[in-house]
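Worksheet: the structure to be examined is printed underneath.
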Amino acid sequence: MYKSCFISIIGKPNAGKSTLLNAFVGEKVSIVSWRPQTTRNIITGIMHGDDYQIVFLDTPGLQQGKSMLNEYMSKSVRSASEDADGIIYVVDGSKPIGEDEYRLIKKYSEAKTPLIVVVNKTDEADKERLVNNMLRFNDFDKLTAVVPVSARNGNNVDALKQEVKKLLKEGERYYSEDMITDKTLRFMAQEIIREKALKYLDKEIPHGIGVSVTRYELRESGLADIEVDIIAVKQSHKPIIIGKNGEMLKKIATAAREDIEKLSGEKVFLRIWVKVREDWQDNYNIIKELGYDKTEI
C-alpha cells in the first residue's frame with residue numbers, strides 16, 4: 001500500500017524552516033539566510049521512500065505587516081496550513097520563546113490538523129534555555145510530538161522524520177521519484193540569486209530587493225543563458241548593490257552561477273542588471289511580475 005501526505009512547515013522568520021526543508025529533502029531546494037523573511041513563496045520539497053512520498057511546503061515566516069508583499073506572504077502561510085495533512089511549527093530554541101508565540105502554537109495544537117513542534121538550533125542553544133523551552137510544551141496535551149533538532153548539522157532529524165512518517169495515509173504518488181521540488185529551474189535560479197544578495201549586502205538593503213529572471217534559455221551547446229534584473233526599492237541602494245567597480249554585483253553573480261550550475265548540471269552564462277522601482281513592495285503589477293500574486297494562492 002502506497003502512502004503520501006502534505007506537511008506544511010511554519011514558524012517565525014529566521015527559525016530555520018528552509019534549512020529544515022533542505023535537510024528533509026537532502027538537497028538545497030529552499031534558500032537559506034541568517035536574515036529573517038528569506039522565503040517569500042511556498043517552496044515545495046519532496047522526500048521519497050520505498051513505499052511513500054512526503055511533500056513539504058516551506059512557507060514565509062509568520063509576521064505582521066501592511067505592504068502588499070506581506071499580505072501575499074501571510075496568505076501563503078494560511079493556504080499551506082489549511083490544506084496540509086500535518087503541520088511542523090519550527091521555533092528557534094536558541095532564543096526565549098515569547099508568550100505570543102506560545103499562544104499561537106497552542107492555537108495550532110487545538111486545530112484538527114496534527115501539529116509537530118520542532119525546537120531547532122539545539123547546536124546553538126544554551127542547555128538550560130533549551131530545557132525550559134521544551135518543558136513549556138508539556139502543557140500542550142494535543143500536540144502530536146515535540147522534537148529538538150539541529151537542522152543545520154542534522155542532529156535528530158532522523159527522529160523527526162519518523163514522527164512525520166506517522167502522519168502518512170494511503171494515497172497516490174504525486175511526483176516522480178526523480179523530483180525533489182516542483183519549482184522550475186527558472187524559479188530556482190531567481191531564488192539562488194536572491195539568496196546571494198541577502199548574504200553579501202548590508203542589513204538595510206535585502207528586504208527591498210526583488211529578483212526577476214527576464215531570460216532563461218538553453219542553447220544547443222547546453223549552455224544556459226540567463227539574464228536577471230535585481231530590483232532595488234531606493235535609488236540610493238543601486239550603487240551599493242553594484243559596488244565599487246562592479247565588485248559587489250560580480251561577487252553575487254559568481255556565487256549564484258556556481259550554485260545554479262550545481263543544481264541544473266548545465267554551464268551557465270549569467271548577466272545581472274540593477275534597476276530601481278520605488279516602493280515596489282506596494283506595487284501590484286511589480287509584485288505579480290516577480291511571482292508574488294496572492295490571487296493565485
Side-chain angles (χ1 to χ4, degrees), residues 5 7-25 30-39 42-43 45 47 54 56-65 70 73-74 76-78 80-82 84-167 198 203:
C5 64
I7 304 295
S8 179
I9 304 175
I10 67 174
K12 293 180 68 175
N14 206 31
K17 299 181 297 298
S18 297
T19 305
L20 183 62
L21 174 66
N22 293 338
F24 277 132
V25 176
S30 188
I31 70 172
V32 177
S33 169
W34 61 267
R35 302 184 190 280
Q37 301 180 20
T38 302
T39 302
I42 296 176
I43 311 295
M47 188 173 81
I54 301 174
F56 293 99
L57 308 174
D58 177 29
T59 62
L62 296 166
Q63 59 198 293
Q64 295 180 338
N70 275 337
M73 293 161 70
S74 297
S76 295
V77 176
R78 290 196 302 272
S81 301
E82 289 168 359
D85 298 304
I87 295 174
I88 292 175
Y89 191 108
V90 184
V91 299
D92 183 347
S94 68
K95 299 177 181 178
I97 302 175
E99 292 301 320
D100 287 347
E101 188 164 24
Y102 272 115
R103 282 193 290 269
L104 181 60
I105 294 170
K106 185 174 179 62
K107 179 180 177 181
Y108 274 110
S109 73
E110 293 172 346
K112 63 179 181 179
T113 306
L115 177 68
I116 297 172
V117 171
V118 171
V119 182
N120 191 25
K121 304 187 182 181
T122 56
D123 56 319
E124 302 175 29
D126 172 81
K127 288 185 178 180
E128 183 177 354
R129 173 173 292 164
L130 183 62
V131 170
N132 289 336
N133 285 340
M134 296 285 292
L135 288 174
R136 286 290 302 272
F137 292 115
N138 288 340
D139 298 332
F140 294 14
D141 55 2
K142 293 185 179 180
L143 282 177
T144 301
V146 179
V147 186
V149 307
S150 170
R152 183 172 62 178
N153 61 30
N155 283 353
N156 218 34
V157 171
D158 285 342
L160 174 59
K161 288 180 180 179
Q162 294 306 312
E163 291 294 338
V164 175
K165 285 166 68 175
K166 293 177 184 178
L167 302 180
L198 286 167
K203 292 181 180 179

Are [X] and [Y] close enough that some pair of their side-chain heavy atoms sits under 4.5 Å apart?
X: V119; Y: F137; result: yes
X: V117; Y: I105; result: yes
X: V164; Y: I88; result: yes
X: Y108; Y: I10; result: yes

Can you tell me how far apart [atom1] ([X]) and [atom2] ([Y]) are? Round to the nearest 0.5 Å.
X: K127; Y: N132; atom1: NZ; atom2: CG; value: 14.0 Å
X: C5; Y: K166; atom1: SG; atom2: NZ; value: 13.5 Å
X: L143; Y: S109; atom1: CG; atom2: OG; value: 5.0 Å

L160 and L20: CA distance, side-chain angles, deciding distance, side-chain contact (heavy atoms from CB on, under 4.5 Å) verdict: CA-CA 10 Å; L160 174 59; L20 183 62; 3.8 Å; yes
For the residue pair N22 and T19, confirm or rule out a side-chain donor-acceptor distance under 3.5 Å.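 Note: N22 and T19 side chains miss the donor-acceptor criterion.
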Are a donor atom and an acceptor atom from the side chains of N155 and S150 found within less than 3.5 Å of each other?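 No - no donor-acceptor pair under 3.5 Å links their side chains.
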Any side-chain hydrogen bond (donor to acceptor under 3.5 Å, both in side chains) pairs touching residues 94-104, not counting sequence neighbours?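 Found Y89-E101, D92-S94, E99-R136, D100-R103.
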Q162: what forms a side-chain hydrogen bond (donor to acceptor under 3.5 Å, both in side chains) with it, not counting sequence neighbours?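 For Q162 there are no side-chain hydrogen bond (donor to acceptor under 3.5 Å, both in side chains) partners, ignoring immediate neighbours.
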With sequence neighbours left out, what residues match D126 under side-chain hydrogen bond (donor to acceptor under 3.5 Å, both in side chains)?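 D126 satisfies side-chain hydrogen bond (donor to acceptor under 3.5 Å, both in side chains) with no residue once adjacent residues are dropped.
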Compare every heavy atom of [Y] with every heavy atom of [X], then report the nearest pair and how far apart it is.
X: P96; Y: N133; result: CA-OD1, 4.4 Å
X: A23; Y: A151; result: CB-O, 4.0 Å
X: V149; Y: V118; result: CG2-CG1, 3.4 Å
X: L167; Y: P114; result: CD2-CB, 3.8 Å

Tell me whether N120 contacts the main-chain N or O of V90 through its side chain, where contact means a donor paired with an acceptor under 3.5 Å.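 Looks like no, no N/O pair under 3.5 Å.
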Would you find a donor on one side and an acceptor on the other, under 3.5 Å apart, between the side chain of K121 and the backbone of V91?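 No; judged by distance alone, with no hydrogens or angles, the pair does not exist.
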Of the options K112, K106, K107, which is the one that meets E110 in a salt bridge (Lys or Arg N to Asp or Glu O under 4.0 Å)?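 Only one of K112, K106, K107 forms a salt bridge (Lys or Arg N to Asp or Glu O under 4.0 Å) with E110, namely K106.
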Applying side chain to side chain contact (heavy atoms under 4.5 Å, CB included) between I87 and each of I9, T113, T144, report the one that passes.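 Single pass found, and it is T113.
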Can you check side-chain contact (heavy atoms from CB on, under 4.5 Å) on M134 and V131, steps first, answer last? CA-CA 5 Å; M134 296 285 292; V131 170; 5.7 Å; no
